[in-house]
**Student:** 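One structure, as structure tokens, below. Some questions next.
Here is how names work: the chains are called A, B, and so on, in the same order as the sequence lines, proteins then strands, and each is numbered from 1. The figures that follow rest on heavy atoms only: side chains count, while hydrogens, waters and symmetry mates do not.
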Number of protein chains: 4
Amino acid sequence: MLVLMNVNATDEQTQAVCKRVEELGYRPHPLPGATRCAIGITGNKGAVEADALSQLPGVAEVIAVSKPYKLVSRDMKSEDTVVRFEGSDATVGGEELAMMAGPCSVESHDQLFRVAEKVAEGGARFLRGGAFKPRTSPYAFQGMGEAGLEIMAEAREAFGLLVVTEAICHESLALVDQYADMIQIGARNMQNFALLKLAGRSRKPVLLKRGMAATLDELLMAAEYIMSEGNYNVVLCERGIRTFTDHTRNTLDVGIVPAVRKLTHLPIIIDPSHAAGKRDKVVPLARAGVAVGADGVIVEVHCDPDRALSDGAQSLYPEQFAAMVGDLRKIGEIVGRTLSYPQSKIHADAVVTK
Amino acid sequence: MLVLMNVNATDEQTQAVCKRVEELGYRPHPLPGATRCAIGITGNKGAVEADALSQLPGVAEVIAVSKPYKLVSRDMKSEDTVVRFEGSDATVGGEELAMMAGPCSVESHDQLFRVAEKVAEGGARFLRGGAFKPRTSPYAFQGMGEAGLEIMAEAREAFGLLVVTEAICHESLALVDQYADMIQIGARNMQNFALLKLAGRSRKPVLLKRGMAATLDELLMAAEYIMSEGNYNVVLCERGIRTFTDHTRNTLDVGIVPAVRKLTHLPIIIDPSHAAGKRDKVVPLARAGVAVGADGVIVEVHCDPDRALSDGAQSLYPEQFAAMVGDLRKIGEIVGRTLSYPQSKIHADAVVTK
Amino acid sequence: MLVLMNVNATDEQTQAVCKRVEELGYRPHPLPGATRCAIGITGNKGAVEADALSQLPGVAEVIAVSKPYKLVSRDMKSEDTVVRFEGSDATVGGEELAMMAGPCSVESHDQLFRVAEKVAEGGARFLRGGAFKPRTSPYAFQGMGEAGLEIMAEAREAFGLLVVTEAICHESLALVDQYADMIQIGARNMQNFALLKLAGRSRKPVLLKRGMAATLDELLMAAEYIMSEGNYNVVLCERGIRTFTDHTRNTLDVGIVPAVRKLTHLPIIIDPSHAAGKRDKVVPLARAGVAVGADGVIVEVHCDPDRALSDGAQSLYPEQFAAMVGDLRKIGEIVGRTLSYPQSKIHADAVVTK
Amino acid sequence: MLVLMNVNATDEQTQAVCKRVEELGYRPHPLPGATRCAIGITGNKGAVEADALSQLPGVAEVIAVSKPYKLVSRDMKSEDTVVRFEGSDATVGGEELAMMAGPCSVESHDQLFRVAEKVAEGGARFLRGGAFKPRTSPYAFQGMGEAGLEIMAEAREAFGLLVVTEAICHESLALVDQYADMIQIGARNMQNFALLKLAGRSRKPVLLKRGMAATLDELLMAAEYIMSEGNYNVVLCERGIRTFTDHTRNTLDVGIVPAVRKLTHLPIIIDPSHAAGKRDKVVPLARAGVAVGADGVIVEVHCDPDRALSDGAQSLYPEQFAAMVGDLRKIGEIVGRTLSYPQSKIHADAVVTK
């Protein structure tokens, strides 16, 4: 922490700040400059509450130096976290790119099984699909609930996929914890701290989506909430932020990937579907995500997107998905990643991906 | 809904879109233009899902015309909603400006009673104060919980104030519903739809804060969630949005107030404290809020802000608050509002408000 | 300047940074902390270029402490600047609120004279109107050029108004400098540094509009460009920033007004017209601007806005303007400002201002 | 254009709007809906000015349908524009990826020649370097001016590179036009319409950088300004937009690339240096740019970045650049692009690119 005094601050004011710092249990280091004085603070274990100093007479600004997160920090653990799943050799954060695909919502047994078969063939190891849907309108389809989770669980057995699905409250979280392999916390709930704590008490890995207005620090602090309850298997997900632009639904912030690498050991994947908002931009954004260094991709795929109950416009056709996986495998190789599954070769060029 | 075809769309494509519109149960109205064709859609009760059409061949864009909200809409109810409270003549949305004040967090019986007395004297009719705190860091003070609610309830009796406090999950909501006069849903939970539904089942009025990245439509849809469960007493609150600026914690979007007036009958108040982030900007922003036409103000006040457990830097001193109320009363008169409480005259000029 | 080292930085790295600081001609002050070392830098006159240090081995972050502006800074000149105009007792930045009004574009002698007469009656001391228009489309009306300036100059004589109009290039700036009383630099040219330097060589006061994505520091540095050429009469103008919102054309950032007060001695006025984008929001935003403490208001007024060649939808009717001035006078009194001109009383309540 | 009436608009109001549409020379098509009436407008050649209708009684909203740009539109010219340069077989927008590299500023003959040799070896066909620098501070290095252009021109002859450099006013534009092969218009000048028109009168291709707050439509309209003056060789450039994030200097909006493809025939390249702000994020962003489908990359390279007069922290070392080109060649192949120059193989793996 650094306290910067005003140009015309008096010596008495500077001394008063130093005294207050000592009262708080830290050590002040006055640092006189050409035009103004700065006061360095040491002896603090974590972040000092800037609020206690910023409004004292003569103080111009308080500059935080220590980061408030601990468990998520690369300072704490320098090696990358590789998230593993019981009864499977799939990982997130290792050498292998994680491919997650499936419909926005589970709509029926038939719908999910059709698309699950296709994405498994196409190269996915994780099946996504919402049973509890956070919809902007109370009148929109809210998901099938537990019946949807049951269908997901059946599809896991049928196609050898890991199930990742969203929890939106304590009740749905208990159910998701029971049926799924990975608990998704959606962008709108990234700072639903009560939900984060519950997810932290689960032993299932958590997929934490970045909120639309969340800074990197806030995303990491949300992960810290989960980890501070004992669950260390957190995967971050960039899904686009809200900006002034209107040519995509959200702005995919690919620059967060190298920034995340520097600050935390946790893996990060990319969701190009929610960023794009329209199908024709999903594949280019997925390619950008792997090229920038993400640990994987989560995309929406539907066998009949024009009739999907939600997010149809941004859902890929299964053939597009399979072709995209072929592209991502090749880009992955360039950035030191593999995508070994499935063994069968996919003929990416046979499909128009634009 | 209007579907806009590409310049080079074929007649077959246009006809296919019309056919799809009919399949969805609506009536298409092709509207040939100089360079391209548009298709109007009528016969829909609410919003048509644009997704079902936007990706059909030849379609350039789908433009929504109907708004997805109903109960919140001024089209549905043209007179302003005036929110009333049991056992009190205080209102929000009527001629009287609503003044809400108190500490960020309830810290102790003594702390709350001291500040409650002061804000009651200064002109507040509502006592704010957090018992359950959504904090960015899991290591920060999380609030006193039910004990804090009890203290709030005692202060209500002692000083004749209405209590407004935040609920952050189903458990805290049940408690807040029991102790408080008004349930606050915080900015981070504006799209926590599970929580909104629970608040909708309460009979207590709800204070709904705008999310940091929420559009006006999203704010209204969040209110619609509450109203669709049967609770019609919703008060909106603008508390600053996230932008690129760094001179205030958030950017107070005063322009939303006249926009809200046009679209909905619900009242809207302003929270200058969270927008400002620093004490010296709170009073100017509060004045701007009343001048732009808000129905009231909610501010943080603390008797010893430098030692507050949270948000001290943005908390007003009690004398600043009382002086500010004096200013707001006078500005209120200019825009057709009153602030009759308290009866005793406040000498605003005796306090430096900058 | 403060250099923050990594947690695991070596002593050699810290020493190498100190050495580099000395090479740059400053004094390093190593400041060992509990987990990492910080290095304070003193001896610099202005801002140290962070670039020279931020990429050295072991450096985590470089934190700027000194502000890069000088002449605009309140540290340099603590009293408020009051901008004065030759041959007039009007001011900007003094006790009197500055009222500027007129059409978006000068369209004809008749159009300008009609509206000039009305705004003079209504309480304006400054006549705004564009002769050179920066339009998004090359096919839109680009302004009357010098002919428009001549009409403005005639209106000045006829109605006793000061003329403020925009320059968009070196040629138009030379003309504006010749005809007008105040040179406007538009939002799109806030960082057109060549134009700023030219404006700095004029002896006419400059109205500098904030760019749509400009931080406060960037706005102040743009003013510094003008002042560094010798022109100290700069008036800042907040006209709305670009955010994700869509209910107003831009988001009026009223919070910048108290922030500007703290950092600079220059005056700041508010442009509610370009922020609102629609007439019905202009008056509420103007009220907010005066309430938050701005030194004046610049608004668009047109006698027949539905037929205006530009910005008709956001132009006030003359009667609305006069009524608004009445409101602003009363709000001004509450925040310590006067609006003595015109002497004749305006009956604000006779006009519907919403 | 579509005019949407209020729910409670009267028939008279609807008829008045239709009459006004006819007065403007267009044809109105009333389109009664279940709850409200919409009025389609046809017969217009370009965009109708919404302002003339949006404030009429009973009008809820005016929705633009036609885009205001013409020459830039893919509707006007469906094949991709390939920009060519006199006396060179280099292109932008063809199959070959365009590689542009060089220092932020020309600092001396020696500095430029050292880096020019390196980037030519490394795979660049274009040499970037600023002789006229738009700097935020008037006290920062402002560029060498014409002397810098002369050095650039010499380097062109020495290393067979095409020269791209920025013009910031009419004087520098005349010089840049004389010395360089491609005129750069910087982000801060994207809506300096006077400068755009001058660039439109040159016969040299123009590199147009997107403004920090520019929408896609505004970027295209800026290109339209250049094209409307007769210069059809415009290359767009995404360099990051201003958002709330702080982990990169700007947010690289990769999603604009597929959006640009759909709307315009003009090429678009990516500038990862200004988006990243720090060296360690430049290469990942460049990879993302090619993967998303950009036509090329422009990056800052410096032989001694720690001593650069500007933007040192974001400049690559020459070896990083060469390695990056190797990566981009491989990613380019996956998305159907080539990078045939230089013929000599670059050993990308010999250099640490993170």
**Student:** How far apart are the closest heavy atoms of B:Met221 and A:Thr136, and which atoms are they?
**Tutor:**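 Nearest pair, atom of B:Met221 first, then A:Thr136: CB-O, 3.3 Å.
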
**Student:** Under a 4.5 Å heavy-atom cut-off, does chain A meet the side chain of B:Leu195, its backbone, both or neither?
**Tutor:**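 Looking at B:Leu195, nothing touches chain A.
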
**Student:** I need the residue from B:Ser228, B:Cys169, B:Ala313 with the largest number of non-hydrogen atom pairs under 4.5 Å to chain A.
**Tutor:**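 Sorted descending by pairs with chain A, the first entry is B:Ala313.
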
**Student:** Could you tell me which portion of B:Lys197 (side chain, backbone, both or neither) has an atom closer than 4.5 angstrom to a non-hydrogen atom of chain A?
**Tutor:**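 The side chain, not the backbone.
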
**Student:** Closest approach of B:Asn192 and A:Ile168, non-hydrogen atoms and distance?
**Tutor:**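 Closest heavy-atom pair between B:Asn192 and A:Ile168: OD1-O, 4.1 Å.
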
**Student:** If you count every heavy atom of other residues, nucleotides or ligands that lies below 6.0 Å from B:Glu22 atom CD, does the total exceed 12?
**Tutor:**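 Counting neighbours around CD of B:Glu22, more than 12 heavy atoms of other residues, nucleotides or ligands fall under 6.0 Å, so yes.
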
**Student:** I'd like to verify something: which residue of A:Met190, A:Lys278, A:Glu229 has the highest number of heavy-atom pairs under 4.5 Å with chain B?
**Tutor:**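 Counting heavy-atom pairs under 4.5 Å, the top option is A:Lys278.
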
**Student:** Quick check: do B:Arg307 and A:Glu23 have side-chain heavy atoms less than 4.5 Å from each other?
**Tutor:**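 With C-beta onward as the side chain, the pair touches.
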
**Student:** So what's closer than 4.5 Å to chain A heavy atoms on B:Thr215: side chain, backbone, both or neither?
**Tutor:**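 It is both, since atoms from each part get that close.
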
**Student:** Quick check on the interface: out of B:Ser137, B:Pro134, B:Ala187, who has the most heavy-atom pairs with chain A under 4.5 Å?
**Tutor:**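 Heavy-atom pair counts peak at B:Ser137.
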
**Student:** Name the region of A:Leu196, side chain, backbone, both or neither, that has any atom closer than 4.5 Å to a heavy atom of chain B.
**Tutor:**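 Neither part.
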
**Student:** So which of B:Met212, B:Gln314, B:His170, B:Glu224 has the largest heavy-atom pair count under 4.5 angstrom toward chain A?
**Tutor:**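 So the answer, after comparing B:Met212, B:Gln314, B:His170, B:Glu224, is B:His170.
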
**Student:** How close do A:Ala213 and B:Arg242 get, heavy atom to heavy atom, and via which atoms?
**Tutor:**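 So the two residues come closest at O-NH1, 2.8 Å.
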
**Student:** Closest heavy-atom contact between A:Arg20 and B:Asp306?
**Tutor:**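 In terms of heavy atoms, the two residues are closest at NH2-O, 3.2 Å.
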
**Student:** Using heavy-atom distances under 4.5 Å, tell me whether B:Asn189 contacts chain A through its side chain, its backbone, both, or neither.
**Tutor:**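 Answer is side chain: those atoms of B:Asn189 sit under 4.5 Å from chain A.
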
**Student:** Tell me whether B:Arg188 is salt-bridged to A:Glu218, with the criterion being a basic N under 4.0 Å from an acidic carboxylate O.
**Tutor:**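 Salt bridge absent between B:Arg188 and A:Glu218.
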
**Student:** Would you mind reporting whether A:Phe193 and B:Gln142 have side-chain heavy atoms less than 4.5 Å apart?
**Tutor:**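 No; the side chains remain at least 4.5 Å from each other.
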
**Student:** When heavy-atom pairs shorter than 4.5 Å are enumerated against chain A, which of B:Tyr139, B:Phe132, B:Tyr69 gives the highest number?
**Tutor:**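 It is B:Tyr139.
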
